[in-house]
**Q** 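So that we are looking at the same thing, I have put the structure below in structure tokens.
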Amino acid sequence: MDYEKKGSTSFSKGLLQSEELYQYVLETNVYPREPEPLKELRDITATHPRAVMATAPDAGQLIAMLLKLIDAKRTIEVGVFTGYSLLLTALTIPQDGKIIAVDMNRDAYEIGLPVIRKAGVEHKIDFIESEALPVLDNLLANPGNENSFDFAFIDADKINYWNYHERLMKLLKVGGIVVYDNTLWGGSVAMPEECTPEVMKEGRQRTMEFNKLLAADTRVGISLAPLGDGITICRRVH
């Protein structure tokens with residue numbers, strides 16, 4: 001989330017009507033099913049000054065179900081941070097599954113790496129320290145990669161979401177799923193611009209533009225789920 005990188009502290013996970021209701025969802029539904037390595041990594045990440053950037057655990061629970069529903073084996077992740085969603089994916093896909101994980105900051109990934117190693121899933125992960133567009137373009141340079149990925153999770157710079165989407169529509173199989181994080185941008189997408197905190201305005205505009213483009217894209221079926229900071233699930237249909 002770019003606005004958190006700029007120092008915002010007002011955002012809290014979940015867009016339900018009360019913090020108490022969100023905690024109820026977590027404590028009765030999410031946490032009892034959360035694998036121990038994910039709990040450990042969540043606790044470690046909570047001490048990070050940018051902890052709010054981590055994938056919300058309720059969103060992660062849905063992502064794990066999606067991975068299972070489509071029997072995902074080959075996946076892409078853009079934006080890793082400390083690796084909560086990455087570890088979740090690695091725990092969910094088969095032993096011979098593979099994740100191409102891309103982030104410009106390896107330091108954050110190193111925070112979660114000991115937990116990933118302890119969980120015995122590091123062999124599934126190909127971490128690439130890089131901007132994402134060159135990595136996706138390199139994948140597309142090999143025709144064998146087209147229509148070959150089952151799933152992607154995108155939680156990175158909002159300015160490039162549509163650029164990522166265009167490439168993923170070539171990399172994903174028909175029937176494959178891509179999930180985009182932060183598509184409600186702290187609820188600011190429904191705020192009048194004059195009421196939006198300055199630090200959130202650029203991301204708000206980018207997010208609104210992206211949401212409109214997705215809604216008009218006939219290549220995908222979409223569902224925007226109000227989990228975490230909003231996740232949009234796109235299933236490639238052709």
Side-chain angles (χ1 to χ4, degrees), residues 1-17 19 22 48-56 58-60 62-63 76-82 84-85 101-105 108 130-137 140 151-172 177-237:
M1 289 180 196
D2 298 343
Y3 65 84
E4 286 128 9
K5 295 176 184 177
K6 296 175 182 175
S8 171
T9 58
S10 62
F11 178 79
S12 63
K13 288 292 182 187
L15 295 169
L16 297 175
Q17 64 183 4
E19 183 66 23
Y22 183 52
H48 194 283
R50 295 176 178 170
V52 73
M53 290 173 58
T55 302
D58 53 332
L62 179 57
I63 289 169
I76 296 171
E77 180 156 337
V78 176
V80 172
F81 190 43
T82 60
Y84 185 91
S85 55
V102 188
D103 200 298
M104 293 178 63
N105 181 357
S130 170
E131 295 181 356
L133 287 177
V135 174
L136 298 177
D137 286 338
L140 285 169
F151 183 89
F153 179 59
I154 310 300
D155 183 11
D157 56 318
K158 310 315 167 199
I159 193 171
N160 275 312
Y161 263 32
W162 188 253
N163 291 325
Y164 299 148
H165 185 72
E166 289 288 4
R167 288 155 176 80
L168 289 168
M169 288 301 99
K170 299 174 184 176
L171 290 166
L172 283 175
I177 289 174
V178 52
V179 175
Y180 294 99
D181 201 7
N182 308 123
T183 53
L184 291 177
W185 203 242
S188 67
V189 292
M191 295 177 188
E193 185 174 3
E194 61 271 19
C195 298
T196 304
E198 190 65 35
V199 73
M200 297 178 70
K201 283 186 177 179
E202 182 179 355
R204 170 187 177 273
Q205 187 60 37
R206 298 284 186 187
T207 301
M208 292 172 69
E209 291 169 359
F210 178 66
N211 289 342
K212 287 180 182 178
L213 288 169
L214 280 186
D217 188 357
T218 59
R219 295 169 296 181
V220 293
I222 65 173
S223 176
L224 202 170
L227 301 174
D229 192 31
I231 60 171
T232 300
I233 303 158
C234 301
R235 179 177 179 269
R236 185 183 171 196
V237 295

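Position 1 is the first residue of the sequence; numbering continues from there.
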**Q** Could you check whether Lys201 pairs with Glu198 (Lys NZ or Arg NE/NH1/NH2 to Asp/Glu carboxylate O, under 4.0 Å)?
**A**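 Counted as a salt bridge, because a side-chain N and a carboxylate O are separated by less than 4.0 Å.
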**Q** Could you pull out the closest heavy-atom pair between Ile222 and Cys234, with the gap in Å?
**A**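 Residues Ile222 and Cys234, closest heavy atoms: CG2-SG, 3.7 Å.
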**Q** Give the minimum heavy-atom separation between Asp58 and Gly228, together with the two atoms involved.
**A**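 Heavy atoms only, the tightest pair is OD2-N, 3.7 Å.
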**Q** How far does NZ of Lys158 sit from CG of Asn182, to the nearest 0.5 angstrom?
**A**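 Reported value, rounded in 0.5 Å steps: 3.5 Å.
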**Q** Could you tell me the separation between the CG atom of Asp155 and the CG atom of Asp103, rounded to the nearest 0.5 Å?
**A**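 Answer rounded to 0.5 Å: 9.0 Å.
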**Q** Indicate the atoms forming the closest heavy-atom contact of Thr183 with Val189, along with that distance.
**A**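 Heavy atoms only, the tightest pair is O-CG1, 4.3 Å.
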**Q** State whether a side-chain donor-acceptor pair under 3.5 Å links Asp157 with Tyr164.
**A**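 Side-chain D/A pair, Asp157 to Tyr164: present.
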**Q** Could you tell me if the side chain of Trp185 sits less than 4.5 Å from the side chain of Met208, heavy atoms only?
**A**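 A side-chain contact is absent here, since even the closest heavy-atom pair is not under 4.5 Å.
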**Q** Arg204 and Glu193: side chain to side chain contact (heavy atoms under 4.5 Å, CB included), yes or no, with the steps?
**A** CA-CA 9 Å; Arg204 170 187 177 273; Glu193 185 174 3; 3.9 Å; yes
**Q** Would you compute the distance between atom CG of Leu171 and atom CZ of Arg236 and round it to the nearest 0.5 angstrom?
**A**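 Going from CG on Leu171 over to CZ on Arg236, the span is 9.5 Å.
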**Q** As an exercise, state the distance from CG of Asp229 to OG of Ser188, rounded to the nearest 0.5 Å.
**A**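 Asp229 atom CG to Ser188 atom OG measures 8.0 Å (nearest 0.5 Å).
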**Q** Examine distances only and state if a side-chain atom of Asp181 and a backbone atom of Thr55 form a donor-acceptor pair shorter than 3.5 Å.
**A**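 Pair absent, no side-chain N/O of Asp181 close to backbone of Thr55.
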**Q** How close do Ala156 and Val78 get, counting heavy atoms only, and between which atoms?
**A**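 Looking at all heavy atoms of both residues, the shortest contact is CB-CG1, 3.7 Å.
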**Q** To the nearest 0.5 Å, tell me how far Ile159 CD1 sits from Glu202 CD.
**A**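 One gets 6.5 Å once the value is rounded to the nearest 0.5 Å.
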**Q** Less than 6.0 angstrom separating the ring centers of Phe210 and Tyr180, yes or no?
**A**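 Ring-ring flag for Phe210/Tyr180: true, centres closer than 6.0 Å.
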**Q** Show the nearest heavy-atom pair for residues Ser85 and Phe153, with the distance to one decimal.
**A**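 Closest approach of Ser85 to Phe153, heavy atoms only: OG-CE2, 3.4 Å.
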**Q** In Å and rounded to the nearest 0.5 Å, what is the OH to CG distance from Tyr22 to Leu227?
**A**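 Separation between the atoms: 8.0 Å.
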**Q** Are His165 and Leu213 packed together at the side-chain level, in the sense that at least one heavy-atom pair is separated by less than 4.5 angstrom?
**A**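 With C-beta onward as the side chain, the pair stays apart.
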**Q** Report yes if the side chains of Val178 and Val220 come closer than 4.5 Å at any heavy-atom pair, otherwise no.
**A**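 SC-SC contact between Val178 and Val220 ruled out.
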**Q** Given side chains that start at C-beta, do those of Leu214 and Trp162 come closer than 4.5 Å, heavy atoms only?
**A**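 Sidechains of Trp162 and Leu214: in contact.
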**Q** With a 4.5 Å cut-off on side-chain heavy atoms, are Val179 and Leu62 touching?
**A**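 No. Closest side-chain heavy atoms not under 4.5 Å.
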**Q** Search all heavy atoms of Leu172 against all heavy atoms of Ala152 and return the closest pair with its distance.
**A**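 Where Leu172 meets Ala152 most closely, the heavy atoms are CD2-N, 4.2 Å.
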